[in-house]
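So you know, we letter chains A, B, ... as the sequences are listed, proteins then strands, and number each from 1.
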Protein chains: 2
Amino acid sequence: MIHYTHPNRILVALDCIIFGFDGEELKLLLIKRNFEPERGKWSLMGGFLKEDEDLESAAQRILFDLTGITNTYLEQLQTFGAVNRDPVERTISVVYYALVNIQDQDLNAIRSHNASWIGLNEKPNLIFDHNTMVEQALHRLRYKAALHAIGFELMPEKFTIPQLQKVYEAIYTKQLDRRNFSRKILSTDLLIGTGEKDTASVTKKGQLYRLNAEKYQQYLTDYVSFFPELTLA
Amino acid sequence: MIHYTHPNRILVALDCIIFGFDGEELKLLLIKRNFEPERGKWSLMGGFLKEDEDLESAAQRILFDLTGITNTYLEQLQTFGAVNRDPVERTISVVYYALVNIQDQDLNAIRSHNASWIGLNEKPNLIFDHNTMVEQALHRLRYKAALHAIGFELMPEKFTIPQLQKVYEAIYTKQLDRRNFSRKILSTDLLIGTGEKDTASVTKKGQLYRLNAEKYQQYLTDYVSFFPELTLA
DNA sequence: GCAAAAGTGTTTCCGGTACACCCATGT
DNA sequence: ACATGGGTGTACCGGAAACACTTTTGC
């Protein structure tokens, strides 16, 4: 193979920010490193880009290794390339963020990587520039969720409208009006009622809905002002 | 220096998508390659990341080399990393896009790189995945400009409101209502009237405004629905 | 019966849009 | 005078926000 006459080949890493929702709180899947460098500290799940691998494939591989999850929302966030961001060696990191249904996870895979779900409020300090990455991912998530219908990605197969509302309240750390929320969501035609009731609930059992997959495809690409009232500072 | 025991160091390139506005049309600064590979074809301006250089600095360096412009809007778009995107050698490319005031350019620098401003409608076919990059940059520009006040970045120091309107009409290829546009822009308090009149205009000379730098800083980070009526498909 | 959560309806208000009219300038 | 383009005001309409009321369930 022909090569460029350029000397500076650089190590390319990927890091994954994995968001999940447990019904109450927005959580991150973080690993407590049992390997060098920075053994014993917390970090995002990462890895290196292989020679014969697309960027997106590499991100999927890393996500799968940790969780066993394959088909999920995965989007490139940003590439971080400060000279000294990794003290071991010059490395640039292409960062992806994922929204996963926390129930789909493979507990064995997670355990073997020494990973845990940690609420955003309890997030420990992370190595390198991983704190900045998380901050930026959260910002992007808020941005996206206000304009596109991606909140569903954090839900299980079937869910009630109040459950969905909790996702949005967790994303924006803000209370939303139950009545307006319900009306807005239903007006999008994105949900299909299953007739079933939420057995988990203690009091009045809400109706379980599932996603209208067809409509959802449109909403992912189309711009939709989901929550204009939320300031995206 | 310690190194990771990982073999796959990869060539990291940067490409810059440079938008400009000539008063009528949205333009791209493209180069007709007088070097290999793909000599004679059109491409974005690019370069390789150096060992001791931040990503953002590298993008600024490339932009400066081509235009002589330093302080301008520059934002990382996305990193492109398909295995075969560069037929010469595996290379990932971190892409930035810039919004420049077309009058600030250094014509000598541009000429020496064999570059020209080309209207979006006359864009030639570009090498590699550069067409996709431009497409995506345009999408991002439309997205951003609808939510944040970045249209000003394409304007000269002083400008009239109708001139600014033409920028937005060029970005969205859509006619906007003169009266509503003016009211919306003025309501933001982003413009400061200079009292001077636009000498270029043939008929009624419009008032020249300049940017309220302080307010502008707020608007860059804050979310503002500038043009909710524009679909951001 | 009561508390807690889910579901539905109504009114108000603001902001976007569409429109009409006036002003300044050069020919 | 008139054509061209800049500047300001107003009325309407739709969607978001703020409210009240009813229903279901478990204790």
Using whole Å, report how far [atom1] of [X] lies from [atom2] of [N].
X: Gln207(B); N: dG7(D); atom1: CD; atom2: P; result: 7 Å
X: Leu208(A); N: dA6(C); atom1: CG; atom2: P; result: 12 Å
X: Gln163(A); N: dA5(C); atom1: CD; atom2: P; result: 13 Å
X: Lys174(A); N: dA16(D); atom1: NZ; atom2: C1'; result: 12 Å
X: Glu24(B); N: dG5(D); atom1: CD; atom2: P; result: 11 Å
X: Gln165(B); N: dG7(D); atom1: CD; atom2: C1'; result: 12 Å
X: Leu164(B); N: dG6(D); atom1: CG; atom2: P; result: 13 Å
X: Phe181(B); N: dG16(C); atom1: CZ; atom2: C1'; result: 15 Å

Check this for me: Lys205(B), atom NZ, are more than 12 non-hydrogen atoms of other residues, nucleotides or ligands nearer than 6.0 Å?
yes
Around atom CG of Asn71(A), are there more than 12 heavy atoms of other residues, nucleotides or ligands at under 6.0 Å?
no
Would you mind listing every salt bridge (charged side-chain N to carboxylate O under 4.0 Å, His left out) that reaches into [range], with sequence neighbours excluded?
range: residues 61-73 of chain A; result: Glu53(A)-Arg61(A)
range: residues 104-119 of chain B; result: none
range: residues 146-172 of chain B; result: Glu24(B)-Lys166(B), Lys158(B)-Glu196(B)

Please name all residues satisfying side chain to side chain contact (heavy atoms under 4.5 Å, CB included) with Pro124(B), sequence neighbours left out, ordered by chain then number.
Leu30(B), Trp42(B), Ile118(B), Leu126(B)
Partners of Leu191(B) by side chain to side chain contact (heavy atoms under 4.5 Å, CB included), sequence neighbours excluded?
Phe152(B), Phe159(B), Ile161(B), Ile185(B), Tyr209(B), Leu211(B)
For Lys123(B), salt bridge (Lys or Arg N to Asp or Glu O under 4.0 Å) partners two or more places apart
none
Under the rule for salt bridge (Lys or Arg N to Asp or Glu O under 4.0 Å), what residues qualify as partners of Lys32(A), not counting sequence neighbours?
none
NZ on Lys27(B) to CG on Asn121(B), rounded to 0.5 Å:
10.5 Å
Distance, nearest 0.5 Å, that separates CD1 of Ile18(B) from CG of Leu66(B)
4.5 Å
Between the first and last five pairs of the helix from dG1(C)-dC27(D) to dT27(C)-dA1(D), the angle of the axes, rounded to 10 degrees:
10°
Base versus backbone protein contacts along nucleotides 8-13 of chain D [heavy-atom cut-off under 4.0 Å; B, S, -]
BBB---
With sequence neighbours left out, the residues meeting side chain to side chain donor-acceptor pair (under 3.5 Å) with Gln163(A) are Asp198(A)
Aromatic rings Tyr143(A) and His148(B): how do their planes relate, parallel, tilted or perpendicular, breaks at 30° and 60°?
parallel
Could you run down the sub-3.5 Å N/O contacts of the protein with nucleotides 25-27 of chain D?
from, atom 1, to, atom 2, distance (Å)
dG26(D), OP1, Lys205(A), NZ, 3.4

Distances under 3.5 Å between protein N/O atoms and the N/O atoms of nucleotides 12-14 of chain C, please, pair by pair.
none

